[in-house]
Amino acid sequence: MNTNNIQSLSLDELEKLAASIRAFLIQSISQTGGHLSSNLGVVELTIALHYVFHSPQDQMIFDVGHQSYTHKILTGRMDQFSTLRQKDGLSGFQKRKESIHDPWEAGHSSTSLSAALGLAIARDMQHKDHQVIAIIGDGALSGGMAFEALQDIGSKQRKMIIVCNDNRMSISENNAGFEKGFLDRSLFESCGLDYVGPLNGHDLKALIQTFESIKDHQGPIVVHVLTQKGKGYPLAEIDMEGNWHGVGPFDVASGKMKKSGYSWSALMADALMELAQKNEKIVAITPAMAQGSKLYGFQKAFPDRFFDCGIAEQHAITMASAMAQGGIRPFVSVYSSFLQRAFDSLLHDASRMDLPIVIGVDRAGLVGADGETHQGVFDIRMMEMMPHMILSQPKDGKEARNLLYTAFCQDHPFAIRYPRGNVEKTDTTFACIPIGSWTKEIVGSHPFCIVITYGPKVDVLIQKAKEENLSLVVVNARFFKPVDQNMLVELDRMDLPILVWETDQIGSLLDVIRRTIWKPITVIGIGDHFVEQGDIPSLEKEEHIDVDTVIRVVKKRKTSIL
Ligand SMILES: Cc1ncc(C[n+]2csc(CCOP(=O)(O)OP(=O)(O)O)c2C)c(N)n1
Ligand SMILES: CC(=O)[C@@H](O)[C@H](O)COP(=O)(O)O
Ligand SMILES: [Mg+2]
C-alpha cells in the first residue's frame with residue numbers, strides 16, 4: 001500500500017488506497033481491538049484532506065481523536081498498528097509525542113473547535129499562513145463546549161476549516177442533539193460561519209474538489225459531510241447500539257467477539273432496574289454512554305424514564321439536580337474521567353443546593369487502553385471537597401447493590417464509584433448501609449499492621465494476606481465522605497502502623513484520614529502525573545499500586561518492627 005506522497009496518485013489509485021486502508025483497519029483492529037466504526041467512516045474524508053492539504057504545515061485536529069487511524073496511516077505510523085492502545089504502543093488518539101502531524105491531543109470530546117481557534121490566532125499573531133482544520137463529529141457537536149467555540153469562531157473570523165462529519169451517530173444512535181436534521185446550514189450561518197455541503201463523505205472526487213475550492217478561503221468555513229459509521233464492515237454498518245464503536249479483538253468472518261463477562265456497569269444497571277420497578281420516581285440519565293453504561297435494558301423496560309442527553313456531562317448533572325428538586329430520583333451514570341466536565345454543575349447545583357441525585361461514577365480507577373485522558377483517578381479528590389456530597393465505593397456486588405439502595409433512601413447528592421471490568425453476579429436482597437460506616441476484617445490472630453483500602457482491592461488483599469500467612473487488619477473504607485470517625489479513632493488506638501492503599505491519585509483517602517489520625521501513615525497511590533495507556537495489571541505494577549507492592553511494604557514494616 002503506497003501511503004507516501006498520495007498527491008501523486010490518480011483518483012482511481014486513491015480509491016484503491018481507500019479500499020486497502022479499510023481492509024487493513026478491519027484486520028488490524030480485529031487483532032488489537034480499538035475504535036472500529038468511527039475509523040471506517042472517515043477513510044475517504046481523511047485521504048481527501050491529506051490529498052489537498054499539506055500536513056504538518058496545515059494542522060489537522062480530530063475531535064476526540066478516536067477516528068484518527070487513517071491520518072496515522074497516512075503520516076507514517078502504519079507499521080505500529082500491532083501495538084495500538086498497548087503499553088508504549090501507538091495511541092488510540094492523536095498524540096504530540098507520536099508525530100509532528102498531531103498538533104493537538106484529546107480523548108474527551110468537543111475540544112477541537114476551541115483548539116483550532118487557538119491555533120489560528122497563534123498562527124495569525126506570528127504572520128503565518130497555513131490552514132487549521134478541525135474534524136468534528138455530530139456527536140461531539142452536541143457538547144456545549146463546541147457551541148461556545150462556534151460562536152466565538154463566528155465573531156473572530158479567523159481563517160479555518162471545520163469539517164463536520166455527520167454520521168447521525170454518537171457512540172450509538174444519536175438520541176440528543178442533531179438526530180432530527182438540526183445540523184444544517186442555518187446552524188452554522190447563524191453563528192457567522194460560511195458553509196458548504198452537505199456532501200457525500202465517501203465520494204473522493206467530490207471531497208477533493210470541495211476542499212480544493214475552499215482551501216484558501218479567508219475566514220471560518222464549515223464543510224458538512226455525510227458519512228456512514230462502520231462503512232465496509234456490514235455488522236458495524238447496521239449497528240445502532242454502539243457495539244462496534246470500540247471493540248476488543250474479534251473474528252472478522254463471523255463477527256464473534258470474545259465474551260466480556262458480567263461488568264460492574266451491568267450490575268449497577270440491573271440493580272437500578274430492580275429499584276425502578278418498586279419506585280416509579282427513579283429515572284436514568286446518560287450523557288451519550290448508554291452502551292458502555294449498560295443502560296439499554298433500563299431504556300427498554302422504562303422508555304419514558306430513560307434520558308440520553310448527548311455528550312453533555314455538565315448539562316446532565318444540572319438537569320438531574322433540577323429533576324431532584326422537582327421530586328424525581330435521578331440516577332446519572334457518568335464515566336469518572338468525563339465527570340470532570342461537570343465539576344461546576346456538581347458543586348454549584350447538586351452540592352450547593354444539596355439535591356438528592358445519585359451519580360454512578362463508572363470506569364473509576366485505571367481504565368487501561370484509553371490512557372491518560374480516560375484514567376478515572378481524579379474524581380474522589382474532585383468531589384470530596386464538595387459540601388453535602390456523599391462519596392462511596394463498594395468492595396463487591398452485594399455492597400454495590402446496597403449502596404445504590406441506600407442512595408435512594410436518603411436526601412443528599414450521593415456518588416457511587418465502580419471500576420471498568422467484571423464483578424461476580426449477585427442478586428442479594430437490598431439492605432441499607434449506615435452512611436459513613438466502614439468495616440474491618442482481622443486476618444490471622446496477631447495483626448502487626450493496619451491496611452486501609454477500598455473497592456475490590458479489599459478482598460484481593462484479604463485473600464493475599466491469607467495466602468502469605470500475614471496477620472493484618474484490613475479496613476474497607478467504603479465511604480470517602482463522610483469517613484467513619486469512630487473506626488478511625490479505634491484504629492488509632494490499636495497502636496499499629498497504618499498503611500493507606502489508594503488505587504487513585506495519591507491523597508484521595510489519605511487526606512481525610514489525616515484529619516483524624518496524626519501519627520505517621522505510609523501511603524501507596526498514584527503520584528502527581530498522568531498514567532499512560534496499557535493493560536491495567538501492568539499499569540498497577542508500574543505505578544506501585546498493585547497488591548504485591550502492598551505485601552512487600554507490609555513485610556518490610558514487619559521486619560523493621562521485629
Ligand atoms: C467528554 C466526553 N464524553 C464522552 C465521551 C465518549 N465518547 C467518545 S466518542 C463519542 C461519540 C462521538 O460521536 P461523534 O463525534 O459523532 O463521532 P463518531 O464516533 O460518530 O465518528 C463519545 C460519546 C468522550 N470521549 N468525551
Ligand atoms: C473514545 C471514547 O471516549 C470512548 O469510546 C471510550 O473509549 C469508551 O471506553 P469503554 O471501552 O470503557 O466504554
Ligand atoms: Mg457521529
Side-chain angles (χ1 to χ4, degrees), residues 33-43 45-46 62-70 85 91-94 106-113 134-146 163-179 183 201 225-231 236 239-240 242-248 257 260 263-265 286-295 308-316 333-343 362-376 418-421 533 536:
H35 285 97
L36 182 74
S37 300
S38 314
N39 283 293
L40 291 179
V42 296
V43 175
L45 173 61
T46 313
F62 288 81
D63 200 280
V64 182
H66 66 306
Q67 75 296 49
S68 61
Y69 294 8
T70 299
R85 288 158 50 89
S91 169
F93 307 112
Q94 284 188 290
H108 288 196
S109 84
S110 318
T111 64
S112 63
L113 304 188
I135 301 100
I136 183 166
D138 51 325
L141 259 174
S142 68
M145 197 177 159
V163 178
C164 171
N165 171 35
D166 184 1
N167 56 17
R168 309 282 151 121
M169 293 278 287
S170 188
I171 283 182
S172 39
E173 204 172 359
N174 226 340
N175 283 322
F178 303 116
E179 85 277 22
L183 191 56
V225 301
L226 302 177
T227 59
Q228 179 172 28
K229 192 159 176 165
K231 188 165 176 64
D239 168 34
M240 286 290 138
N243 297 318
W244 290 92
H245 169 86
V247 291
M257 299 184 197
S260 55
S263 64
W264 281 90
S265 318
T286 174
M289 300 305 288
Q291 198 267 349
S293 307
K294 300 281 182 260
L295 284 173
D308 182 344
C309 60
I311 310 180
E313 292 80 8
Q314 186 177 13
H315 160 62
S333 172
V334 193
Y335 284 19
S336 164
S337 85
F338 304 149
L339 190 61
Q340 290 158 200
R341 280 280 166 89
F343 178 89
D362 201 333
R363 304 312 195 258
L366 294 177
V367 298
D370 274 329
E372 299 95 300
T373 51
H374 284 58
Q375 312 288 11
Y418 39 95
R420 191 173 200 277
Q533 68 191 37
I536 296 176

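Atoms within a ligand are numbered from 1 in the order they appear, just like the ligands themselves. Numbers here are sequence positions counted from 1.
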Sub-4.0 Å heavy-atom contact, His35 with ligand 2: yes
Side chain proximity check, Trp244 to Met257, heavy atoms < 4.5 angstrom: yes
Atom indices of ligand 1 within 4.0 angstrom of Gly137 heavy atoms, with elements: 14 (P), 15 (O), 16 (O)
Closest non-hydrogen atom pair, Gly92 against Gln533: N-OE1, 4.1 Å
Closest to atom 17 (O) of ligand 1 among His66, His245, Gln67, Gln340 (heavy-atom distance): His66
Ligand 1 N/O within reach of Phe338 N/O, cut-off under 3.5 Å: no
Atom 13 (O) of ligand 2 [closest protein heavy-atom partner, distance rounded to 0.1 Å]: Tyr335 OH, 2.6 Å
Atoms in ligand 1 flagged as close to Glu313, the criterion being non-hydrogen separation under 4.0 Å: 1 (C), 2 (C), 3 (N), 4 (C)
Ser293-Ser333 side chain donor-acceptor pair, cut-off 3.5 Å: yes
Residue pair Asp63 / Ser112: nearest heavy atoms and the distance that separates them: OD2-OG, 2.6 Å
4.5 Å side-chain heavy-atom contact, Arg363 and Ser337: no
Contact flag Asp166/the Mg ion (ligand 3), N/O/S atoms, threshold under 2.8 Å: no
Proximity winner for atom 26 (N) of ligand 1, if only heavy atoms of Ser109, Ser170, Ser38, Ser172 are counted: Ser109
Heavy-atom closest pair, residues Gln375 and Gly368: OE1-N, 3.4 Å
Distance-minimising heavy-atom pair for Gly139 and Ser170: CA-OG, 4.1 Å
Heavy atom of the protein closest to atom 16 (O) of ligand 1 (residue, atom name, distance): Gly139 N, 2.6 Å
Closest protein heavy atom to atom 15 (O) of ligand 1, given as residue, atom name and distance to 0.1 Å: Ala140 N, 2.9 Å
Closest to atom 3 (O) of ligand 2 among His374, Gln291, His66 (heavy-atom distance): His374
Contacting atoms of ligand 2, where contact means under 4.0 angstrom from a heavy atom of His245: 5 (O)
Min side-chain heavy-atom separation Leu226-Arg168 under 4.5 Å: yes
Heteroatom proximity flag, Arg341 to ligand 1, N/O under 3.5 Å: no
Nitrogen or oxygen atoms of Arg85 and ligand 2 under 3.5 Å apart: no
Those atoms of ligand 1 less than 4.0 Å from some heavy atom in Asp138: 16 (O)
Within-4.5 Å side-chain heavy-atom neighbours: Leu45 and Val163: yes
Atom indices of ligand 1 within 4.0 angstrom of Ile171 heavy atoms, with elements: 7 (N), 10 (C), 11 (C), 22 (C), 23 (C)
Minimum side-chain heavy-atom gap Met289-Ile171 below 4.5 Å: yes
Met169 side chain reached by His245 side chain, heavy atoms, under 4.5 Å: no
Ligand-side contact atoms (ligand 2) for residue partner Arg363, heavy atom cut-off under 4.0 Å: 10 (P), 12 (O), 13 (O)
Proximal heteroatom of Asp138 relative to the Mg ion (ligand 3) (N/O/S): OD1
Metal site angle (apex the Mg ion (ligand 3)), OD1 from Asn167 and O from Met169, 10 degrees: 90°
Closest approach of Gly143 to Ser110 (non-hydrogen atoms, all atoms of both residues): CA-OG, 3.6 Å
Backbone or side-chain N or O of Met289 under 3.5 Å from ligand 1 N or O: no
Atoms in ligand 1 flagged as close to Ile311, the criterion being non-hydrogen separation under 4.0 Å: 2 (C), 3 (N), 4 (C), 11 (C), 12 (C), 22 (C), 23 (C)
For atom 7 (O) of ligand 2, closest protein heavy-atom neighbour: Asp370 OD2, 2.6 Å
Asn167, portion touching ligand 1 at heavy-atom distance under 4.0 Å: side chain
Student check: side-chain heavy atoms of His374 and Phe338 closer than 4.5 Å: yes
Contact with ligand 1 for Gly107, non-hydrogen, under 4.0 angstrom: yes
Contact atoms of ligand 2, heavy-atom distance to Phe338 under 4.0 Å: 3 (O)
Side chain proximity check, Arg85 to His35, heavy atoms < 4.5 angstrom: yes
For Arg420, atoms of ligand 2 separated by under 4.0 Å from a heavy atom: 10 (P), 11 (O), 12 (O)
Least distance between heavy atoms, Ser336 atom then Gly376 atom: OG-CA, 3.2 Å
